[in-house]
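Everything on this sheet refers to the single structure shown next.
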Number of protein chains: 2
Amino acid sequence: MTDSDDLMSIRQMCAAYDVTPRTLRFYESKELLFPIREGQKRLFTKRDRARLKLILRGKRFGFSLEEIRQLLELYNIGDQQQTQIQRTYEIAQDRLADMERQRAELDEAITELKEQLDWGAKIIASMKQTKKAAE
Amino acid sequence: MTDSDDLMSIRQMCAAYDVTPRTLRFYESKELLFPIREGQKRLFTKRDRARLKLILRGKRFGFSLEEIRQLLELYNIGDQQQTQIQRTYEIAQDRLADMERQRAELDEAITELKEQLDWGAKIIASMKQTKKAAE
DNA sequence: CGTTACGCTTACGTTAACGTCAACTTTACT
DNA sequence: AGTAAAGTTGACGTTAACGTAAGCGTAACG
């Protein structure tokens, strides 16, 4: 078991994470991924895969790729100067606050939506009753 | 207190909900709002304002305008035929499930992000210590 | 009666995040 | 050698949700 089974082709990546080649190349162009090259071809490392997972999850929360790129720097924290770290740290704090606000609103909306649904269900039920009575 | 103080001009709407005229006209064109007309001019009713609030909240959760439009039909449930109601009802059920999944993921992400931040904070602290020691 | 304010329509411009060719090259069979 | 599979780099197309500017109507104000 060498280091090489740590590397994946673009197709393998696509299959594994359900994305297109275009997407992976796009992410590379945006400096979200840094696959190494074997000649022309891209080879994705374990690190790229970890990053991709975070990217995909980030997207599900509505983060922009640029925001995700900044968050990813948290994982590179050792590379940066202290001021940079502080900045990144602050960005993440803000994001966290945003997310918690979002969750609170989401809770509210879920509750209200559920009420709406109950209401709708009751109307449907009453309509069925009316229909039955008319038969 | 007649019915007329129930009506707002486009500018009043913009001020009240922090949106642009363009946005309101756009929402109308997409059949999310239905302001009445006084000559050429739009007059927004209480109903439009209620809808706008829901639209803006929907957006904060990353719903598309089209999805929001469908959700808004829930509030119009009396107007529809039974099959239509059923469809809308199902759509809302699905959305609700989506939202709950989203919340679960959000909870997870918040937890992980918090851990990352703790980690970052510790590193920063230790760096300050090191710096102090060097002085 | 001119101009400022508000409003309208039409229509082209913009950003994000890819999709979708086209036109190669390289590698892998057969 | 022929060809199919997998990969590459441009470069233009697409959708959503407005922004922005042009050109026009009208209504109140000084």
Side-chain angles (χ1 to χ4, degrees), chain A residues 4-45 48-49 51-72 91 95 98 102, chain B residues 4-45 48-49 51-72 91 95 98 102:
Chain A
S4 68
D5 55 0
D6 196 23
L7 301 175
M8 286 173 61
S9 78
I10 199 166
R11 287 291 162 187
Q12 293 175 312
M13 289 292 283
C14 292
Y17 297 96
D18 191 33
V19 292
T20 70
R22 176 66 170 112
T23 299
L24 294 174
R25 296 190 193 109
F26 183 72
Y27 289 169
E28 183 185 1
S29 79
K30 293 286 173 175
E31 313 204 51
L32 291 165
L33 298 177
F34 308 93
I36 57 179
R37 296 300 179 104
E38 184 191 50
Q40 277 282 60
K41 303 185 177 175
R42 289 166 175 83
L43 290 177
F44 295 84
T45 69
D48 290 313
R49 293 197 291 281
R51 285 179 153 254
L52 183 53
K53 280 181 203 168
L54 290 170
I55 294 168
L56 296 177
R57 195 175 60 191
K59 289 201 55 181
R60 274 178 256 131
F61 304 142
F63 290 102
S64 74
L65 291 184
E66 176 52 25
E67 288 171 327
I68 292 172
R69 202 184 57 72
Q70 295 187 20
L71 278 176
L72 281 173
I91 290 172
R95 284 267 126 248
D98 282 356
Q102 192 182 343
Chain B
S4 68
D5 55 1
D6 196 24
L7 301 175
M8 286 173 63
S9 79
I10 199 167
R11 287 291 162 187
Q12 291 175 313
M13 289 291 284
C14 292
Y17 298 96
D18 192 33
V19 292
T20 70
R22 176 67 171 109
T23 299
L24 294 175
R25 296 189 192 111
F26 183 71
Y27 289 169
E28 182 185 1
S29 79
K30 293 287 174 176
E31 312 203 52
L32 291 164
L33 298 177
F34 306 95
I36 57 179
R37 294 301 178 104
E38 184 190 51
Q40 277 281 57
K41 301 179 178 176
R42 291 167 175 83
L43 290 177
F44 295 82
T45 69
D48 289 313
R49 294 197 290 281
R51 284 178 154 255
L52 183 53
K53 279 182 203 166
L54 290 170
I55 293 168
L56 296 177
R57 194 175 61 192
K59 290 200 54 183
R60 274 178 255 131
F61 306 141
F63 290 102
S64 74
L65 291 183
E66 175 54 23
E67 288 170 327
I68 292 171
R69 202 185 58 72
Q70 295 187 20
L71 279 176
L72 281 172
I91 291 172
R95 285 266 128 247
D98 282 356
Q102 192 182 342

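By convention in this document, chain letters (A, B, ...) are assigned in the order of the sequence lines, proteins followed by strands, and residues within each chain are numbered from 1.
One atom, CD1 of B:I10, and another, P of D:dT26, lie 18 Å apart when rounded to the nearest Å. Whole-Å rounding puts the A:E67 CD to C:dA16 P distance at 11 Å. With rounding to whole Å, A:E66 atom CD is found 17 Å from C:dC18 atom C1'. Distance, A:Q12 CD to D:dA6 C1': 11 Å, rounded to whole Å. Atom P of nucleotide D:dT26 and atom CZ of B:R42 are separated by 16 Å, given to the nearest angstrom. Summarising the geometry, the separation between CE on B:M13 and C1' on C:dC6 is reported as 16 Å, rounded to the nearest angstrom. One interatomic measurement links the two molecules: CG of B:L52 to C1' of D:dA17, which rounds to 15 Å at whole-angstrom precision.
Between B:K59 and the phosphate of D:dC18, there is a side-chain N or O to OP1/OP2 separation shorter than 4.0 Å. Between B:Y27 and the phosphate of D:dA17, there is no side-chain N or O to OP1/OP2 separation shorter than 4.0 Å.
Comparing C:dT26, D:dT9, C:dC8 by their closest approach to the side chain of A:K41 singles out C:dT26. The nucleotide whose nearest atom lies closest to any side-chain atom of B:F26 is, among C:dC18, C:dC8, D:dC18, D:dC18.
Within residues 16-25 of chain B, the residues that place at least one heavy atom under 4.0 Å from DNA chain D are, in residue-number order, B:T20, B:R22, B:T23.
Take B:K41 and apply the side-chain contact (heavy atoms from CB on, under 4.5 Å) test, not counting sequence neighbours, and it matches no residue. With sequence neighbours excluded, the residues forming a salt bridge (Lys or Arg N to Asp or Glu O under 4.0 Å) with B:E28 are B:R37, B:R42, listed by chain and number.
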Legend entry - side chain to side chain contact (heavy atoms under 4.5 Å, CB included) evaluation trace for B:R57 with B:F63: CA-CA 9 Å; B:R57 194 175 61 192; B:F63 290 102; over 6 Å; no
Inset, instruction - Given side chain to side chain contact (heavy atoms under 4.5 Å, CB included), test A:F26 with A:L65 step by step and report yes or no. - result: CA-CA 11 Å; A:F26 183 72; A:L65 291 184; 3.6 Å; yes
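Across B:D48, B:I68, B:L32, a single residue satisfies side chain to side chain contact (heavy atoms under 4.5 Å, CB included) together with B:Y27, and that is B:L32.
Within the 3.5 Å criterion, the main-chain N or O of B:M13 finds no donor-acceptor partner in the side chain of B:R49.
No contact: A:K30 has no heavy atom under 4.0 Å from any strand.
Remark: B:E31 CD to B:R69 CZ distance equals 6.5 Å, nearest 0.5 Å.
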